[in-house]
Amino acid sequence: MESSTIGSLAKYGFSDSYMLDHLPVAVCVLNQVGEIQEANREFLQITDIPSVELPGLSILAYVDEAEQDRILTEINQECISTSDQLKIRIQFRLTYNSLSSVLLRIRLLTPESELKYYLCTLEKTDDIIPDLEKWEKKRIKEQLIESEARFRSIAEAITPRIFHLDLDGIITYANRPNGRLIKGDFIGTSIYQFLGNETNTKKLKSAISACIAKRQAMSFQANHQFEDPDVGMRYYLIQLSPVVANDAVTGFAMIRTDITSIKTVQQELEKANAKLSSIVSGIDATGIGVFEWDIAGGDKVIWDGNTHNIFGVARGEFDGTKKGFEKMIYPEDSESVTLEIDFAAKHLQQQNTSHRIIRADTGEVRWVSTRRIITRNEEGIPISMTGVLWDITDEKEKEELKLQAALLTNQNRELKEFTYIASHDLQSPLRTLSNYVELLEEDNDSHLGEDAKWYLSVIKSSTVRMKDLIQDLLTYSRIGRQRDKVEVNLQVILEGVINDLNLEITNSGARIEVGALPTLSLYETEIRLLFQNLLSNSIKYRKPDATPIILVEAKDDQNSWSITIRDNGIGIESQYFEKIFMVFQRLHDQTEFEGNGIGLAHCRKIVQLHGGTISVDSEVGVGSVFSIKLPK
Ligand code: ADP
């Protein structure tokens with residue numbers, strides 16, 4: 001040993017080893033590998049180590065083998081300076097190998113030197129075990145206090161109410177959420193006093209029974225109507241957990257969470273849902289279709305029932321793709337609809353438009369009106385396009401009819417003006433012309449040469465023809481003036497017409513066959529003119545080498561009557577099927593077939609007057625079929 005704290009007593013005649021030997025404490029000096037360098041008398045006495053065995057004896061030989069390395073490492077690491085004291089409590093093998101609890105206090109003696117020596121005291125602690133127990137109990141109690149304080153601070157920092165109930169429902173603990181003081185004294189009173197109503201009490205009782213029986217947490221909802229109108233009705237979630245000690249339920253932890261705001265939102269949501277479903281069923285009844293195109297989700301298209309109905313597709317048969325929808329657009333509208341949708345997806349928030357579709361079931365062309373709404377994400381990229389659509393075919397047709405009616409009114413007005421001009425302005429110069437021709441003939445008959453006479457006769461016949469033309473025009477303009485419809489038997493009308501055409505029929509040898517014809521409400525004069533024109537045309541445009549055979553038939557088409565006049569005449573080229581119905585449109589000149597080209601224009605006007613249509617189908621050299629459709 002290089003120095004000693006008690007070395008200064010040497011001047012009183014006490015040597016270091018003397019004092020060491022007389023210390024009432026067991027002391028030894030260890031080197032850094034744990035070998036005992038020196039030991040005093042007390043040490044040898046307590047450990048019962050014979051002094052002869054001391055040199056080189058390691059203190060570690062007296063402790064459990066498994067502990068040896070740890071102790072040595074601790075000594076070398078913990079005792080860095082003379083002020084660091086290491087306490088080690090271990091089992092020490094003493095006399096006759098019996099174990100004894102000892103407390104080693106170890107401290108570094110040589111901080112300056114490379115060679116480390118430690119001063120070690122040894123104390124038997126077997127006899128202080130009772131104290132240890134006391135100390136341990138104190139430590140456990142302290143830990144309990146600390147953990148309870150921790151629990152309280154947590155319990156009081158959170159909003160839900162936490163109670164501990166004993167088996168009878170008596171409150172033994174209640175937290176003070178957010179530091180709020182509890183009104184009255186909860187502790188020691190029954191929880192049932194605070195439940196507000198019978199239902200809550202029943203629920204708690206059954207939860208408690210279940211908790212005990214199943215040994216698991218139970219929960220239920222409760223509500224409480226407070227007298228204070230500011231508080232009103234509150235809703236709670238009650239969670240109850242059994243507290244188990246020594247395998248028996250000793251009480252319950254009860255957590256009460258105020259869920260009024262959640263409940264209110266839930267109620268609002270239910271109301272909104274009810275409203276929405278009534279709107280949806282309202283929409284169902286209107287026949288308006290609802291659809292969604294999920295742009296972000298890979299072009300998926302969802303249709304509701306009404307949309308299926310509008311497109312004439314059975315539920316489950318639509319393939320749910322944008323392509324599937326595009327296939328059903330009327331071909332002429334297809335390109336513009338695709339462009340429109342792409343444009344809306346890129347640039348618009350809303351789009352209103354209409355287009356035609358082809359119904360899958362009937363193949364019918366229908367008009368639909370659509371309103372599209374585009375939803376975008378924060379970057380403005382379209383996510384979905386939702387919309388509504390409805391069938392507007394009836395409105396479109398009405399609109400079309402209105403347009404046609406307006407056009408017709410306009411045309412009629414123009415025609416009336418024209419008729420006026422024809423009857424007044426044209427007729428009088430024509431009259432003057434024929435008067436002067438007559439005068440010229442009468443006064444100069446003897447002076448006129450043969451050529452002049454022939455010229456005059458051409459002028460005369462032309463003026464007569466011109467008079468006829470003007471007369472025809474007047475007749476045309478007068479169609480529809482008779483405003484009252486009457487019940488007309490078409491069979492009777494046909495008989496009258498055939499009678500009037502007796503001469504032509506006889507001359508041509510024509511055979512006219514009339515099927516069963518209905519009685520309809522019609523403008524009689526006009527309808528007579530219609531059949532007269534058609535029958536006389538069929539006789540007139542006969543093939544020179546064949547007997548004209550004319551067949552008149554009627555067919556009931558549910559909403560209309562279909563009447564056909566079929567002949568075996570010269571026929572008409574298909575390119576003229578429309579043209580022949582226009583005023584003064586003829587396919588032949590006067591030398592071939594006489595006529596003014598106004599007969600079929602009359603026919604069309606008469607049929608339109610009855611709200612119907614007339615068309616022709618024909619094959620050159622075979623014959624023609626004129627079809628009239630009259631609404632019922
Ligand atoms: P028009 O008989 O005075 O020429 P229409 O208006 O009655 O005038 O007929 C127009 C044209 O339609 C006729 O010039 C004729 O070429 C053609 N046409 C009408 N009816 C028939 C028919 N039954 N068969 C063949 N051609 C017809």
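Every number for a ligand or one of its atoms is a count from 1 in the order of the listing.
In this structure, Phe318 and Trp303 have parallel ring planes: the angle between them is below the 30° cut-off, well short of the 60° mark. Between Phe343 and His347, the two ring planes are tilted [angle within 30° to 60°].
Listed by number with element, the atoms of ligand 1 under 4.0 Å from a non-hydrogen atom of Phe626 are 20 (N), 23 (N). Proximity to Gly595 (heavy-atom distance under 4.0 Å) selects the following atoms of ligand 1: 3 (O). Per-residue contacts place Lys540 under 4.0 angstrom from the following atoms of ligand 1 (heavy atoms of the residue considered): 1 (P), 2 (O), 3 (O). Near Ser624, meaning under 4.0 Å from one of its heavy atoms, ligand 1 places the atoms 24 (N). Atoms of ligand 1 found under 4.0 Å from any heavy atom of His588, numbered from 1 in the order shown, are 15 (C), 16 (O).
The nearest protein atom to atom 19 (C) of ligand 1, hydrogens excluded, is given as Asn537 ND2, 3.5 Å; this is a heavy-atom distance. Among all protein heavy atoms, the one lying closest to atom 4 (O) of ligand 1 is Arg586 NE, 2.5 Å. The protein atom (non-hydrogen) at minimum distance from atom 5 (P) of ligand 1 is Leu600 N, 3.6 Å. At the top of the distance list for atom 26 (N) of ligand 1, counting protein heavy atoms only, stands Ile572 CG1, 3.4 Å. Among all non-hydrogen protein atoms, the one lying nearest atom 10 (C) of ligand 1 is Gln585 O, 3.5 Å.
A salt bridge links Arg359 with Asp361: at least one charged nitrogen is closer than 4.0 Å to a carboxylate oxygen.
Checked by atom type and distance alone, the side chain of Asn444 never pairs as donor or acceptor with a backbone atom of Leu448 at under 3.5 Å.
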Could you pull out every donor-acceptor pair under 3.5 Å between side chains of residues 399-407 and any protein atom, sequence neighbours left out?
none

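The proximity of Asp567 to ligand 1, defined as any non-hydrogen pair under 4.0 Å, is limited to the side chain. The proximity of Leu587 to ligand 1, defined as any non-hydrogen pair under 4.0 Å, involves the side chain as well as the backbone.
Here's the thing with Gly597: one of its N/O atoms is less than 3.5 angstrom from an N/O atom of ligand 1. No N or O atom of Gly571 sits closer than 3.5 Å to an N or O atom of ligand 1. Considering backbone and side-chain N/O of Ile570, none are found under 3.5 Å from N/O of ligand 1. An N or O contact shorter than 3.5 Å is missing between Glu594 and ligand 1 by distance.
At least one heavy atom of Ile598 sits closer than 4.0 Å to an atom of ligand 1. The closest approach between any non-hydrogen atom of His602 and ligand 1 is not below 4.0 Å.
Among Glu340, Arg371, Arg372, the one residue that satisfies the side-chain hydrogen bond (donor to acceptor under 3.5 Å, both in side chains) test with Thr353 is Glu340.
Between atom 22 (C) of ligand 1 and the options Phe593, Phe581, Tyr541, the minimum heavy-atom separation is to Tyr541. Considering Ile580, Val625, Val616 only, the shortest heavy-atom separation from atom 17 (C) of ligand 1 involves Ile580.
Here the closest heavy-atom approach between residue Ile539 and residue Glu504 is recorded as CG2-O, 4.1 Å.
Residues satisfying the side chain to side chain donor-acceptor pair (under 3.5 Å) test with Ser369, not counting sequence neighbours, are none.
A distance of 6.5 Å separates OG1 of Thr564 from CG of Leu551, quoted to the nearest 0.5 Å.
Geometric assessment of Lys203 against the ring of Phe220 yields a negative cation-pi assignment under the 6.0 Å and 45° thresholds. In this structure, Lys322 forms a cation-pi arrangement with Trp293, its terminal cationic atom sitting closer than 6.0 Å to the ring centre and no more than 45° off the ring axis. Judged by the 6.0 Å and 45° rule, Lys629 forms no cation-pi pair with Trp561.
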